[in-house]
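In what follows, a single structure is set out as C-alpha cells and then discussed.
Letters go in sequence order (proteins before strands), and every chain restarts at 1.
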Amino acid sequence: MGNSPIAAPARVCEFYSGGAWIEGRAVDQLNEVAGWPGMGAVAGFPDLHPGRHGPVGGAFLADRIYPQLIGPDIGCGMALYRLDLPRRKLKLDKAARRLEVLEDGTAAEEARAALAGTEAELLGPQGLGTLGGGNHFCELQVVQEVADTAPGLAPGDLCLLVHTGSRGHGAGVFTGIEDSWKAGFLPGSEAADSYAALHGAAQAWARINRALLAQAASEALRCSAELICDAPHNHLEARPDGWLHRKGAAAPDRRLAPLAGSRESLSYLMAVPEGPAEALGSVSHGAGRRYDRAAMHGRIRRVKSELEAMRQTRFGGRVICAARDLLIEEAGSAYKDAGAVLRDLEGFGLAREAASLAPLITFKTSKGGR
DNA sequence: ATGTCC
C-alpha cells in the first residue's frame, strides 16, 4: 500500500452569474475534469456548454498535458481586423458575391510561401486559406458603439472577424494519438514532447490561416485589413506552474479579445485587464451554445420560409450559408446572448466592452448541401 | 473540429 494521499479535486472557479444560461451537464463536466489526476485549477466562463471530452468555455491548469481538453481543432481562434473601406462604399450584395473567393483557399505556391520558415511548415499547405465548417465563419461587421479603450475604432468603421483553426491538421494530430491520451502525457515523456511540437505547429498554422483568409477577403473587397487582435481559444500554453489548457476560452492578444455574437446578438471587442489569477489569464470567446446541433434540427422547421429567415440577421445583415443543415445548426437561436456573457465577464472584472459590432455579412459557405 | 461513419 502506498502512502500517497488521494488527491483532492482542483479548485473550480465559475465566472458566471445566477442568471446565466449554463447547462447542468456542463457544470458536471467542469467538476469531473477538476478531479482528473494532476489537475491544479479550473475556471469556467459564462459561455460554458457541454462538449465531447469536457466542457467548452473553460481553462484548465494541470501538471500534465490532456489533449482531449484542446480537442481536434488545435489553434482555433478569432482574429479581428479593421478595414479601410468606407461604409457608404459597401454594397452588401456585391460584397457577398466577392467574398465567395473564400471558398477557393490559398493557391499552393502562395500557401507554401506563407508557411516557409515557420513552425507550421511541417504540416504542409493542404487546406490553407479555407474556413472549414461548424461554427467557423468570416464576418464583415460594422462598429456600433466604442469606448475610449477601443484601439483606433470609430462608429461606422467596417471590421472583419475571422473564426477558424487548423483544419484537418489539428484533427490529424488529435485522432492520431487517440486512446493513448486518456491519462494525459506527463512532462518529459516522449508523448508530451511530440504532442507539444505538433500542437505548436498546428497553432502557428491556424494563425497563418486566419491571416490569409483576412487577406483574401480584404483583397476581394478592394481594401486593406489592419490586425486589431488574434486570440486563440483552443490551445495549450506552457506556464511556470503547469500546462494551461484553453477550450473555447480566449487568450487575449495585446490585452484584447473578440467576443463572437451570433445572427441574433452583437459581437464585441473586449479590453481584457490582468484580472484575478483564478481566471487563468482567460476570457470567454463567444456567446456559447444554448442548444446543441442535434437539438436545433428539432427546433427549426426545415421549410423555405424558416431557412430564408435565417439568411438574414436582425441587424439587417445577411448570412451566406448554402448548406441547410449548417444554417439550422448555426442559427442565432442556437446561441446564448453575447451581451449577457459580456455583462457577466464585466461583473467579475474579467473584461470591459471596448466596442460593439453588428454583423453585415456572415460568410460560412456558398456551396450547397443538405 | 474532420477531404467525416453510411
TODO: Classify the nucleic acid contact of A:Gly168 as base, sugar-phosphate or nothing, counting any heavy atom under 4.0 Å across all strands shown.
DONE: sugar-phosphate

Open item on the list: Just to be sure I understand the rule, does A:Asn135 reach a base, reach only the sugar-phosphate, or reach nothing, if contact means heavy atoms closer than 4.0 Å?
Closed with: sugar-phosphate

TODO: Please collect all salt bridge (Lys or Arg N to Asp or Glu O under 4.0 Å) contacts where either partner lies in residues 344-367 of chain A, sequence neighbours excluded, each pair once.
DONE: A:Glu330-A:Lys364

Task: Check: A:Phe174 ring centroid to A:His53 ring centroid under 6.0 Å - done: yes

- [ ] Starting at atom CH2 of A:Trp205, determine the distance to atom P of B:dT2, rounded to an integer number of angstrom.
- [x] 10 Å

Open item on the list: With a 4.0 Å cut-off on N to O distance, would you call A:Glu139 and A:Arg263 a salt bridge?
Closed with: yes

- [ ] Identify whether any heavy atom of A:Gly132 sits under 4.0 Å from a base atom; if not, whether one sits that close to sugar-phosphate; answer base, sugar-phosphate or nothing.
- [x] sugar-phosphate

Task: Integer-rounded Å distance: B:dT2 P and A:Asn209 CG - done: 10 Å

Open item on the list: Enumerate the salt bridge (Lys or Arg N to Asp or Glu O under 4.0 Å) contacts for residues 230-246 of chain A, please, sequence neighbours excluded, ordered by first and then second residue.
Closed with: A:Arg207-A:Asp230, A:Arg210-A:Asp230, A:Glu237-A:Arg246, A:Arg239-A:Asp241

Task: Integer-rounded Å distance: B:dA1 C1' and A:Glu329 CD - done: 13 Å

Task: Whole-Å distance separating the CE atom of A:Met78 from the P atom of B:dA1 - done: 10 Å

TODO: To the nearest Å, give me how far apart CZ (A:Arg370) and C1' (B:dC6) are.
DONE: 12 Å

TODO: Report which part of the nucleic acid A:Arg52 touches: base, sugar-phosphate, or nothing (heavy-atom distance under 4.0 Å, all strands).
DONE: nothing

Task: Separation of atom CG in A:Leu198 from atom C1' in B:dA1, rounded to whole Å - done: 17 Å

TODO: For A:Gly133, answer base if it contacts any base atom (sugar-phosphate contacts may also be present), sugar-phosphate if it contacts only those atoms, and nothing otherwise; contact means non-hydrogen atoms under 4.0 Å.
DONE: sugar-phosphate

Task: NZ/NE/NH1/NH2 to OD/OE distance under 4.0 Å, A:Arg11 and A:Glu278 - done: yes

TODO: Rounded off to whole Å, could you give me the CD-to-P distance for the A:Gln203 and B:dA1 pair?
DONE: 17 Å

TODO: Using a heavy-atom cut-off of under 4.0 Å over every strand shown, decide if A:Gly134 touches base, sugar-phosphate, or nothing.
DONE: sugar-phosphate

Task: Gap between atoms NZ and C1', on A:Lys247 and B:dA1 respectively (whole Å) - done: 7 Å

